[in-house]
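As structure tokens, the structure follows; a few thoughts come after it.
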Amino acid sequence: MSSSQPSEFSFWRSLVAGAVAGTAVDVILFPLDTVKTRIQSPQGFKGSGGFKGVYRGLGPVLIGSAPGAALFFSTYETGKHYLPADRAALNHMGAACMGEIAACVVRVPTETIKQRLQAGLYKSMGTAMVDVLKKEGPRGLYTGYPITVAREIPFALIQFPLWEALKTRFAYDSEGNKSNIVASLCGSTAGALAAAVTTPLDVAKTRIMLGKDKNGVAYDHRVVSTLLRINKDEGFRALLSGLLPRVKIIGVGGLIFFGAYEYTDSVLAARAI
């Protein structure tokens, strides 16, 4: 499907399109995300459940996907609209950073509960929520906020300027009509590259959110020290745990995510929303 490039920024259109895209990709690719989390777990893939219960933890995702993605894209598109536009790459970088910081407010609590369910630390979302709040308080839900932001910002700094550049180069014909399929392929390519580069940060985030290593020793919640500890205890290869599933998830996910976003945005733009 092709569409003309929207001439006007619409906060509500980006909000709705983001919500649709976030829900679609997270639900469809959830089993692969579970496999990646279990590979990165200190208990190892088999010790965390292997291929059993790959939809464990879907509940928090269903709650957080739509608002998280909606918050990201509405902030991202708003940032693009108001930040200086004379340097496109810097405009997209700044907007992407703003979007990630905002989205993580919603994303981190759901991610914390989701990953603990995926790793087999709890049997239900309710039990996980009650136990985290009882033992760690509300701050426990935001245990991984700094590391998540530390992972997402480098990821966004690579993915979104590259996506926008590729989309501008390849997705529009000479008359300015956009191919949503090509635009989503551009997003997939940009996401896969960003995923590979930021895998060590993703491993550190997973460990911090799970709380403890296989010997029950807690991580200190600091990014650099967690990376150094994993490298010291398990070797550099451990920092690349889950690289292939992560690249596949985000590569395929980018196709779904940006495809759903571009399509929904085009449909709403055609209706002048």
Side-chain angles (χ1 to χ4, degrees), residues 21-66 68-69 107-132 141 143-144 147-148 151-152 155 188 191-217 219 226 230 233-257 259-260:
T23 302
V25 70
D26 284 346
V27 171
I28 292 171
L29 295 182
F30 189 82
L32 271 177
D33 183 65
T34 299
V35 169
K36 183 214 69 168
T37 296
R38 291 176 179 177
I39 289 172
Q40 293 177 343
S41 168
Q43 286 75 31
F45 179 65
K46 290 184 178 179
S48 299
F51 288 106
K52 295 180 181 178
V54 291
Y55 277 97
R56 184 182 298 159
L58 182 61
V61 170
L62 291 175
I63 293 171
S65 289
R107 189 182 298 153
V108 170
T110 59
E111 185 81 359
T112 299
I113 298 300
K114 180 202 75 172
Q115 290 201 320
R116 295 188 184 190
L117 288 168
Q118 288 176 324
L121 301 180
Y122 298 99
K123 298 296 183 183
S124 70
M125 182 172 65
T127 302
M129 281 286 293
V130 170
D131 196 55
V132 170
L141 295 174
T143 295
I147 179 60
T148 303
R151 179 198 67 175
E152 296 295 352
F155 181 90
S188 174
L193 176 62
V197 173
T198 58
T199 293
L201 291 172
D202 188 55
V203 173
K205 179 198 74 76
T206 297
R207 297 295 182 87
I208 289 172
M209 284 188 164
L210 294 180
K212 300 177 182 178
D213 65 16
K214 60 184 178 183
N215 297 315
V217 180
Y219 292 100
T226 299
I230 295 169
D233 294 347
E234 304 171 51
F236 182 75
R237 288 185 65 182
L239 293 172
L240 299 178
S241 298
L243 185 149
L244 194 57
R246 175 169 164 78
V247 169
K248 287 181 178 179
I249 289 168
I250 295 179
V252 176
L255 196 63
I256 300 168
F257 184 72

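Hydrogens, waters and symmetry mates play no part in the numbers below; they use all other heavy atoms, side chains included.
Taking the ring-ring contact (aromatic ring centres under 6.0 Å, His included) definition, one finds that Phe51 meets it with Phe45, sequence neighbours left out. Partners of Glu152 under the salt bridge (Lys or Arg N to Asp or Glu O under 4.0 Å) rule, at least two apart in sequence or in another chain, are Arg107. Applying the side-chain contact (heavy atoms from CB on, under 4.5 Å) rule to Leu121 yields the partners Arg116, Ala119, Leu210; only residues at least two apart in sequence or on another chain are considered. For Lys36, the salt bridge (Lys or Arg N to Asp or Glu O under 4.0 Å) criterion is met by Asp33, Asp202, not counting sequence neighbours. Ser241 pairs by the side-chain contact (heavy atoms from CB on, under 4.5 Å) definition with Ile39, Gln40, Val203, Ala238, not counting sequence neighbours. Partners of Leu141 under the side-chain contact (heavy atoms from CB on, under 4.5 Å) rule, at least two apart in sequence or in another chain, are Pro109, Ile113, Met129, Val132, Leu133.
Here Leu239 contributes atom CG and Thr199 contributes atom OG1; the two are 10.0 Å apart, rounded to the nearest 0.5 Å. Rounded to the nearest 0.5 Å, atoms CD1 (Ile249) and CD1 (Ile256) are 11.0 Å apart. One finds the CZ atom of Arg237 at 11.5 Å from the CG atom of Leu243 (value rounded to the nearest 0.5 Å). Here Arg246 contributes atom CZ and Thr198 contributes atom OG1; the two are 3.5 Å apart, rounded to the nearest 0.5 Å. Taking OG1 of Thr23 as the start and CD1 of Ile63 as the end, the distance is 12.0 Å to the nearest 0.5 Å. Rounded to the nearest 0.5 angstrom, Arg38 CZ and Lys46 NZ are separated by 14.0 Å.
Arg207 is listed as a side-chain neighbour of Ile230, based on a closest heavy-atom distance under 4.5 Å. Taking 4.5 Å as the limit, some side-chain heavy atom of Phe155 sits within range of a side-chain heavy atom of Ile250.
Closest of all the heavy-atom pairs between Gly53 and Thr34 is O-CG2, 4.5 Å. For the residue pair Leu240 and Pro200, the shortest heavy atom distance occurs at CD2-CG, 4.2 Å. Closest of all the heavy-atom pairs between Asp26 and Ser65 is OD2-OG, 2.7 Å. Taking every heavy atom of both residues into account, Asp131 and Tyr122 meet most closely at OD2-OH, 2.6 Å. Listed here is the closest heavy atom pair of Ala21 and Phe257: CB-O, 3.3 Å. Ala192 approaches Gly251 most closely through the heavy-atom pair CB-CA, 4.1 Å.
Here the side chain of Ser124 pairs a donor or acceptor atom with the backbone of Thr127 at under 3.5 angstrom.
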Notebook entry, point to check: Can you check side-chain contact (heavy atoms from CB on, under 4.5 Å) on Val252 and Leu29, steps first, answer last?
Noted result: CA-CA 8 Å; Val252 176; Leu29 295 182; 4.1 Å; yes
